[in-house]
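Working notes, structure below.
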Amino acid sequence: MPVKTVAVIGAGASGLTAIKCCLDEGLEPTCFEKSEDIGGLWRYKEHSEGDRASIYQSVIINTSKEMMCYSDYPIPEHFPNYMHNSKIMDYFQMYAREFDLLNHIQLKTAVCSIRRSPNFSTTGQWIVTTEKEGKQEVSVFDAVMICTGHHTFPNLPLSSFPGIENFKGQYLHSRDYKFPDDFKNKRIVVIGIGNSGGDIAVELSRTAQQVFLSTRRGAWVTNRVSTNGYPVDIAKSSRFGSIFQKTLPTLVNYMAEKALNDRFNHGNYGLLPQHRYNSQHPTVNDDLPNRIIAGFVQIKPNIKKFTDTGVIFEDETIEENIDAVIFATGYSFSFPFCEETVISVKKNQTALYKLMFPYQLEKHTLAVIGLIQPLGAIMPISELQSRLAVRVFKGLVQLPDNVSMVREIVHKRMKMADRYVESQRHTIQVDYVAYMDELATLAGVKPDLFRMFLTDPQLAFHVFFGPCTPYQYRLTGPGKWSGAREAIFTQWKRIIKPTQTRILKRSAVDSSALLMLKVCAVFIVLTALFLYFS
Ligand code: NAP
């Protein structure tokens with residue numbers, strides 16, 4: 001039975017592109033969004049709401065615009081490289097308008113349950129129960145895309161903190177932190193050195209009396225702004241670099257740690273972890289060392305116990321008169337509307353093929369989109385997952401047999417456990433280039449570099465040595481976009497544009513472009529010599 005109707009759950013970063021990919025493949029998506037507007041996590045609200053993801057007012061994304069855009073819709077050149085959440089919302093609105101997505105979204109409509117239809121093994125259909133304004137409705141869909149994110153349910157590990165029950169100060173999870181006003185002149189402990197903990201500690205340190213940032217294992221702290229002022233992910237996410245990462249991980253660790261310690265010595269700043277650079281999800285924070293060196297943030301070890309009014313850290317140092325504690329301790333994910341036999345989650349571990357497909361289903365008509373924590377941006381990955389999912393639904397791409405899928409799931413889990421420090425934040429990690437290429441291979445859209453070097457060497461050079469921007473996955477195969485090549489050639493212009501706000505009479509030489517040209521020349525000469533002598 002051909003798949004036609006698709007229920008998309010959630011209209012955030014993943015849901016929007018899921019709708020678009022359904023439309024591109026001639027399917028009929030209906031997106032159910034519980035809240036009153038699109039944008040998911042990125043739509044800031046002054047108060048956190050029930051089981052909706054929630055961000056603080058100042059959040060700036062830590063992936064740059066050329067790496068985070070959808071692959072056939074570049075972010076306008078005047079938009080900043082690292083966007084504030086309000087700008088990301090502008091981009092989502094533009095994307096939704098451009099591809100006419102809003103007509104397919106039912107707002108204020110919650111999905112209560114999805115169940116396999118009684119004849120699932122032949123039809124692959126789903127019974128979806130939704131609720132709007134207290135009224136329930138049941139519909140049948142040929143396929144389902146779950147796009148509900150993984151930053152909704154706070155991980156608040158109170159039982160790991162003895163004495164918290166008697167602590168007289170205020171405590172809250174980072175999802176309930178919105179802005180610093182309420183914490184002026186206070187003494188605050190922030191627990192956890194992920195990106196929320198780092199951002200919140202820095203922000204509070206500007207108005208609080210003192211901030212203590214407690215970490216149980218330290219962190220390597222990276223910058224958004226990299227060499228020559230380019231966004232760090234632009235400088236570090238090439239196919240060329242990805243080969244290094246795969247083949248020489250120890251060297252990559254050494255080089256990254258050296259560069260980070262050259263900027264500020266992580267040992268002297270109390271941040272040095274026991275683990276290597278690549279063993280932890282990156283903490284990106286340009287300001288943290290400035291706040292530490294100015295004394296407004298003090299790095300502390302884990303908390304041993306709470307007293308009535310303060311905390312005792314594991315090194316036995318005591319801080320009294322603590323007014324507030326912010327648990328920036330991350331998130332758990334779950335799919336409460338879905339039967340456990342379809343997707344089960346234990347301690348943030350779930351068994352999905354490619355982190356998308358429940359391998360055990362007789363029909364592959366369900367995909368989870370965006371359940372990944374990439375070293376890179378989520379949006380283009382969700383998009384490529386969606387492109388793959390719709391082709392699987394339509395039977396244009398076959399998934400391997402169950403045994404092969406389970407073998408790969410187990411293999412990936414072991415590799416992740418091998419590389420990352422044990423933590424429930426490291427269960428859905430993916431490397432951007434490697435994972436995108438895996439999906440692209442299945443979907444038939446991976447650029448063929450060898451062929452490209454022969455037919456379009458200039459493009460091949462950009463694709464191999466340049467940043468692996470999402471446009472690369474629109475150069476060939478189903479869903480090919482005629483603007484992809486041009487988007488790759490103009491990406492540097494879009495990166496530079498928003499910071500060139502003062503027009504200079506003589507523009508400075510762009511050293512990275514120069515370096516690219518030099519490497520290109522060497523490459524061409526070597527190829528010519530090889531061809532001449534062979
Ligand atoms: P997170 O990355 O999961 O970090 C949680 C932190 O809390 C880790 O340092 C973890 O330490 C610590 N922790 C957890 N349980 C603990 C316990 N029982 N005792 C002591 N420490 C504990 O969470 P997050 O910072 O909220 O970030 C969530 C996601 O949002 C990430 O993908 C992040 O990159 C993203 N984010 C992005 C931005 C941005 O773009 N600007 C801002 C904020 C968040 P261990 O490492 O030891 O487990």
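Remember, it's 1-based here, ligands and their atoms both numbered in the order they're listed. In this text the structure is predicted, and so the values were computed from the model without any measurement.
- When A219, S279, P157 are ranked by how near their heavy atoms come to atom 18 (N) of ligand 1, first place goes to P157.
- Ranked by closest heavy atom to atom 27 (O) of ligand 1, the top entry among S196, G194, S423, S214 is S196.
- Scanning the protein heavy atoms around atom 29 (C) of ligand 1, the nearest turns out to be H151 NE2, 3.1 Å.
- Counting the atoms of ligand 1 from 1 in the order shown, those under 4.0 Å from a heavy atom of N155 are 15 (N).
- The distance criterion of under 3.5 Å between nitrogen or oxygen atoms is met by R216 with respect to ligand 1.
- Using a cutoff of 4.0 Å between basic side-chain nitrogens and carboxylate oxygens, E36 and R43 are scored as salt-bridged.
- Under the 4.0 angstrom criterion for non-hydrogen atoms, F161 is in contact with ligand 1.
- From the protein, the heavy atom lying nearest to atom 12 (C) of ligand 1 is G192 CA, 3.8 Å.
- There is a protein heavy atom closer than 4.0 angstrom to atom 43 (C) of ligand 1.
- Heavy atoms of T215 found under 4.0 angstrom from ligand 1: none, in either backbone or side chain.
- By the 30° and 60° cut-offs, the orientation of the rings of Y91 relative to Y73 is parallel.
- The closest donor-acceptor contact from the side chain of D431 to the backbone of L375 lies at 3.5 Å or more, if one exists at all.
- Among N348, T329, L213, the residue whose heavy atom lies nearest to atom 13 (N) of ligand 1 is T329.
- A side chain to side chain contact (heavy atoms under 4.5 Å, CB included) with M436 holds for exactly one of I381, T441, V430; it is I381.
- Centroid-to-centroid, the aromatic rings of H173 and Y331 come within less than 6.0 Å.
- Checked for salt-bridge contact, E49 and K34 miss the test: no charged N lies under 4.0 Å from a carboxylate O.
- Closest to atom 34 (O) of ligand 1, if we only count protein heavy atoms, is N195 ND2, 2.8 Å.
- Looking at K412 and E408, a side-chain N of the basic residue comes within less than 4.0 Å of a carboxylate O on the acidic one, giving a salt bridge.
- When atom types are taken as modelled, the side chain of T350 and the backbone of S344 share a donor-acceptor pair closer than 3.5 angstrom.
- Between A328 and ligand 1, at least one pair of N/O atoms sits closer than 3.5 Å.
- If you check which protein heavy atom lies closest to atom 9 (O) of ligand 1, you get I193 N, 3.0 Å.
- Across all non-hydrogen atoms, the minimal contact from F183 to A324 is CE2-CB, 3.8 Å.
- With a 4.0 Å heavy-atom cut-off, ligand 1 is reached by no atom of Q424.
- Taking a cut-off of under 4.0 Å to the non-hydrogen atoms of Y56, the atoms of ligand 1 that pass are 42 (C), 43 (C).
- The shortest heavy-atom contact between T329 and P157 is OG1-CD, 3.4 Å.
- Distances below 4.0 Å separate heavy atoms of N302 from the following atoms of ligand 1: 20 (C).
- Annotation: Y331 places no N or O atom under 3.5 Å from an N or O atom of ligand 1; distance criterion only.
- Only the backbone of I60 comes within 4.0 Å of ligand 1, counting heavy atoms alone; no side-chain atom from C-beta on gets that close.
- With a 4.0 Å heavy-atom cut-off, ligand 1 is reached by the side chain of D199 but not by its N, CA, C or O.
- Here the protein heavy atom with the shortest distance to atom 23 (O) of ligand 1 is G330 CA, 3.2 Å.
- With a 4.0 Å heavy-atom cut-off, ligand 1 is reached by no atom of Y420.
- A salt bridge links K304 with E316: the distance from a Lys NZ or Arg NE/NH1/NH2 to an Asp or Glu carboxylate oxygen falls below 4.0 Å.
- Here I372 contributes atom CD1 and S382 contributes atom OG; the two are 5.0 Å apart, rounded to the nearest 0.5 Å.
- Between atom 8 (C) of ligand 1 and the options Q429, R425, H84, R175, the minimum heavy-atom separation is to R425.
- The proximity of Y82 to ligand 1, defined as any non-hydrogen pair under 4.0 Å, does not occur for either the backbone or the side chain.
- At least one N or O atom of Q373, backbone or side chain, sits closer than 3.5 Å to an N or O atom of ligand 1.
- For ligand 1, the atoms lying closer than 4.0 Å to a non-hydrogen atom of H281 are 32 (O), 34 (O).
- I60 has its side chain within reach of R224: a pair of non-hydrogen atoms, C-beta onward, lies under 4.5 Å apart.
- Between S71 and R474 the shortest heavy-atom distance is OG-NE, 2.7 Å.
- Residue N62 has at least one N or O atom closer than 3.5 Å to an N or O atom of ligand 1.
- Ring geometry, F161 versus F306: the interplanar angle exceeds 60°, so the pair is classed perpendicular (tilted spans 30 to 60°).
- Where the criterion is an N or O separation shorter than 3.5 Å, residue side chain and backbone included, G197 fails it with respect to ligand 1.
- The aromatic rings of F244 and F240 sit perpendicular, their planes meeting at an angle over 60°, well past the 30° parallel limit.
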